[in-house]
Amino acid sequence: MGTEVASQTVLARRQFFEQGRLITRPETAASLVPAPILRSWQRCAERGLDNAALPRLEPITARELREAGERHERLRRICRPEIESLHADADSTGCVIILTDDTGLILDSLGSADFAARAARVALLPGVPWSESSTGTNAVGTALVEGRPIAVHGGEHFFEPHGILSCSAAPIFDPYGRIAGLLDLSGPAAVDHRHALGLVRLAVEQIEHRFFEDDFRNRRVLRFQSDPGLLGTAREGILVFEDDRLVAANRHGLGFLGLDWSAIGRERAPALFERLPCEAAGPIGFRDRSGRPFTGRLDIPAVPGAARHIPAPRATPAAETGPLLDEASHAALIRAVKLVGADVPVLVRGETGTGKEMLAREIHRRSDRADRPFVAVNCAAIPESLIEAELFGYEEGAFTGARRQGRKGLLREADGGVLFLDEIGDMPLTLQARLLRVLQEREVVPLGGGRPVKVDFALVCATHRDLRAAIEAGQFRSDLYFRIAHYTVELPALRHFPDRMDAVRACWRRIAADPRLTLAPATEARLAACDWPGNFRQLVGTLRALAALAEPFQPVPPEALPAEIGPAPAALPRATAVAANGGQELDAITREAMRHALEACAGNVSRAARSLGINRSTLYRRLLNG
């Protein structure tokens with residue numbers, strides 16, 4: 001912060017906190033502090049916060065933080081590349097990168113260890129809530145309240161002890177206009193961080209663009225720009241249509257057309273554009289209703305009779321091509337699709353990270369409801385006080401804070417499609433009774449009264465818990481269990497897969513779609529030997545990090561693996577272990593690994609030998625003798 005700006009802030013604090021002048025003369029704030037800062041100070045003062053005190057911030061427990069991380073695992077996965085790219089800059093400038101959820105709870109932080117130690121004195125740590133109501137004016141909490149990027153420097157913080165911080169934050173909006181989380185770059189106030197807010201905004205732009213990499217394969221997705229050279233980048237506009245109704249978008253897409261988030265669910269394509277083509281045939285030219293020209297690409301749902309744009313190979317989340325299943329689980333998937341088609345509920349059981357939601361999406365994709373909505377509800381992620389309103393919707397004025405027009409509710413949003421209730425074992429008992437009534441009567445009564453509304457959806461539920469044990473413990477209704485568990489699919493943990501090497505290679509092919517990016521055989525062996533307590537979620541996260549580090553034609557060495565993968569295995573993975581009849585199988589496996597390394601290194605024997613950790617003469621001899 002510059003000397004002149006700092007002195008203005010000192011003057012503004014004196015006037016506001018000692019004389020109260022800025023409360024009655026807000027017009028003077030423009031020359032002293034930015035208007036959002038003044039608005040925040042006024043909100044904090046109205047709450048009765050004491051600016052001279054150090055706020056008492058109680059971090060949540062380690063277990064609660066772990067559960068919060070699991071609830072927001074998709075957000076963390078999507079944000080990871082940007083956080084890692086900001087890491088080097090943050091470390092060199094004495095900053096930390098912070099990811100929070102939509103309430104301001106810090107989920108992750110990464111960056112300068114030196115500054116992190118100082119930041120800990122003001123509780124800038126994972127597990128601590130930094131909402132404006134509890135922590136005063138700060139970039140995290142104030143950006144969430146204002147719904148826009150905010151920088152808060154030194155004395156602009158409400159609480160005096162926070163004056164050591166200079167923070168820049170931007171909220172992350174999902175495709176429906178809801179705040180999914182927030183990215184923040186914080187450092188010492190004594191250092192000039194004038195570019196920090198720009199870096200954070202660019203990172204959030206990339207994150208919001210990545211939200212559209214999955215979830216919308218069965219809807220029309222329009223990607224467009226006035227500058228054709230920006231198509232495919234985070235600066236392109238994105239609009240998602242169900243039939244011709246706008247159901248999702250990014251901020252650029254809305255901004256190009258002069259719209260805001262209220263357009264979601266209200267606007268229709270004919271009111272926005274002169275004409276959109278019915279088929280995807282590469283780049284297309286079109287105009288909006290004002291006559292402004294755009295160039296775009298239209299992705300068509302993959303349903304009978306419709307063409308679909310196939311993008312160029314790229315690094316993608318594994319979810320885009322469906323779950324990885326062993327033979328038994330694949331057979332269960334086929335049966336589940338038939339049962340969902342016959343309106344028979346399906347229950348998916350498996351440990352965290354085994355791909356329960358991915359399986360549910362695959363059931364939806366293969367079902368006769370594929371062109372209708374897939375609505376996923378994590379029963380453990382929604383606060384108990386809000387889950388009833390989220391599921392069943394509410395009428396106008398049903399409770400304090402209710403939207404003016406009421407809310408449809410997730411059960412009604414799933415009408416005609418598939419409703420996926422994840423972690424249903426964590427649903428409160430009172431709601432279990434209401435859900436059972438909906439499933440029996442096929443109608444929803446919103447909060448605040450109103451007439452019952454008929455609903456038609458196929459039901460898929462998932463849980464990591466033993467629901468029968470929960471029934472015996474009085475935590476789950478037996479009548480609801482028998483209503484949702486007509487057919488159960490058991491997803492095995494990754495450690496129980498018959499061939500983990502195949503699973504590792506299949507995941508890598510999906511994540512690193514560029515065939516020039518490969519893993520060294522020793523790296524594959526280490527990955528296959530790992531027990532993966534986090535299952536596919538953990539494996540995919542590790543492979544995405546390796547893909548980010550990979551260079552074309554240079555196999556990723558085992559040294560790039562994170563520490564939690566563990567040391568090199570003393571023996572090959574169980575699925576490829578040597579049979580008891582001697583060393584012939586070992587020789588065959590060794591030669592196969594050597595040939596694979598040679599192919600991955602485009603015939604370069606020296607590079608292949610280095611990737612295997614052996615001498616090139618040994619590689620020559622074993623291959624020639626083979």
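All of these numbers come straight from a predicted model, not from anything done at the bench.
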*Which residue pairs satisfy the salt bridge (Lys or Arg N to Asp or Glu O under 4.0 Å) criterion with at least one member in residues 131-149, sequence neighbours excluded?*
Arg39-Glu146, Arg43-Glu132, Arg43-Glu146, Arg47-Glu132

_Quick one, Arg210 with Glu82, criterion salt bridge (Lys or Arg N to Asp or Glu O under 4.0 Å). Give me CA distance, side-chain angles, the key distance, then yes/no._
CA-CA 11 Å; Arg210 198 171 293 116; Glu82 268 58 56; 2.6 Å; yes

*Not counting sequence neighbours, which residues clear ring-ring contact (aromatic ring centres under 6.0 Å, His included) with Phe392? List them please.*
none

*asked:* Going by side-chain hydrogen bond (donor to acceptor under 3.5 Å, both in side chains), name the residues that satisfy it together with Ser186, two or more places apart in sequence or in a different chain.
replied: Asp184

*Name the orientation class of the two ring planes belonging to Phe16 and Trp41 (parallel below 30°, tilted from 30 to 60°, perpendicular beyond 60°).*
tilted

*Answer yes if the ring centres of Tyr176 and Phe211 are under 6.0 angstrom apart, and no otherwise.*
no

_Test item: Leu435 and Leu421 side chains (from C-beta on) under 4.5 Å apart, heavy atoms_ = yes

*Looking only at heavy atoms, which two atoms of Ala545 and Glu84 are closest? And how far apart?*
CB-OE2, 4.3 Å

*Quick one: side chain to side chain contact (heavy atoms under 4.5 Å, CB included) partners of Arg235, sequence neighbours excluded?*
Glu205, Gln225, Leu230, Thr233, His252

*Who pairs with Asp227 by side-chain hydrogen bond (donor to acceptor under 3.5 Å, both in side chains), at least two apart in sequence or on another chain?*
none

*Go through the structure and list residues passing side-chain hydrogen bond (donor to acceptor under 3.5 Å, both in side chains) with Glu423, not counting sequence neighbours.*
His464

*Could you check if a side-chain atom of Val247 sits within less than 4.5 angstrom of a side-chain atom of Val240, using non-hydrogen atoms only?*
yes

*Do side-chain atoms of Asn535 reach the backbone of Gln538 as a donor and acceptor pair under 3.5 angstrom?*
no

*Considering only NZ, NE, NH1 and NH2 on the basic side and carboxylate oxygens on the acidic side, decide whether Asp299 and Arg219 come within less than 4.0 Å.*
no

_Do Thr142 and Trp130 make a side-chain contact, defined as non-hydrogen atoms from C-beta onward lying under 4.5 Å apart?_
no

*How would you list, by chain and number, every residue that makes a salt bridge (Lys or Arg N to Asp or Glu O under 4.0 Å) with Arg71, sequence neighbours excluded?*
none

*Any chance you could measure Ile106, atom CD1, to Leu125, atom CG, to the nearest 0.5 Å?*
7.0 Å

*Between atom CG of Asn51 and atom SG of Cys44, what is the distance when rounded to the nearest 0.5 Å?*
10.0 Å

*Listed by chain and number, what are the side chain to side chain contact (heavy atoms under 4.5 Å, CB included) partners of Cys79, not counting sequence neighbours?*
Leu75, Ile83, Leu99, Ile172, Ile207

*Atom pair CG (Leu185) and SG (Cys95), whose distance is rounded to the nearest 0.5 Å*: 4.5 Å

*Any Lys/Arg nitrogen of Glu73 or Arg77 sitting under 4.0 Å from an Asp/Glu carboxylate oxygen of the other?*
no

_Euclidean distance, Leu546 CG relative to Leu561 CG, rounded to 0.5 Å_ = 5.5 Å

*side-chain hydrogen bond (donor to acceptor under 3.5 Å, both in side chains) with Arg80: which residues, sequence neighbours excluded?*
none

_Would you say that Val33 contacts Gln8 through its side chain, given a criterion of any heavy-atom pair below 4.5 Å between the two side chains?_
no

_Whether over 12 other heavy atoms sit under 6.0 Å from Arg266 CZ_ = yes

*Do the ring planes of Phe224 and Phe294 sit parallel (below 30°), tilted (30 to 60°) or perpendicular (above 60°)?*
perpendicular

*asked:* List the residues meeting side chain to side chain contact (heavy atoms under 4.5 Å, CB included) with Ala462, not counting sequence neighbours, and say none if there are none.
replied: Val348, Lys356, Phe420, Asp422

*Mind checking salt bridge (Lys or Arg N to Asp or Glu O under 4.0 Å) for Asp174 and listing every partner two or more places apart, or none if nothing turns up?*
Arg178

*Just grab all the salt bridge (Lys or Arg N to Asp or Glu O under 4.0 Å) pairs involving residues 251-261, residues at least two apart or on different chains.*
Glu208-Arg251

_Salt-bridge contact Glu70-Arg537 (side-chain N to carboxylate O under 4.0 Å)_ = no

*asked:* Rounded to the nearest 0.5 Å, what separates atom CG in Leu239 from atom CZ in Arg220?
replied: 11.0 Å

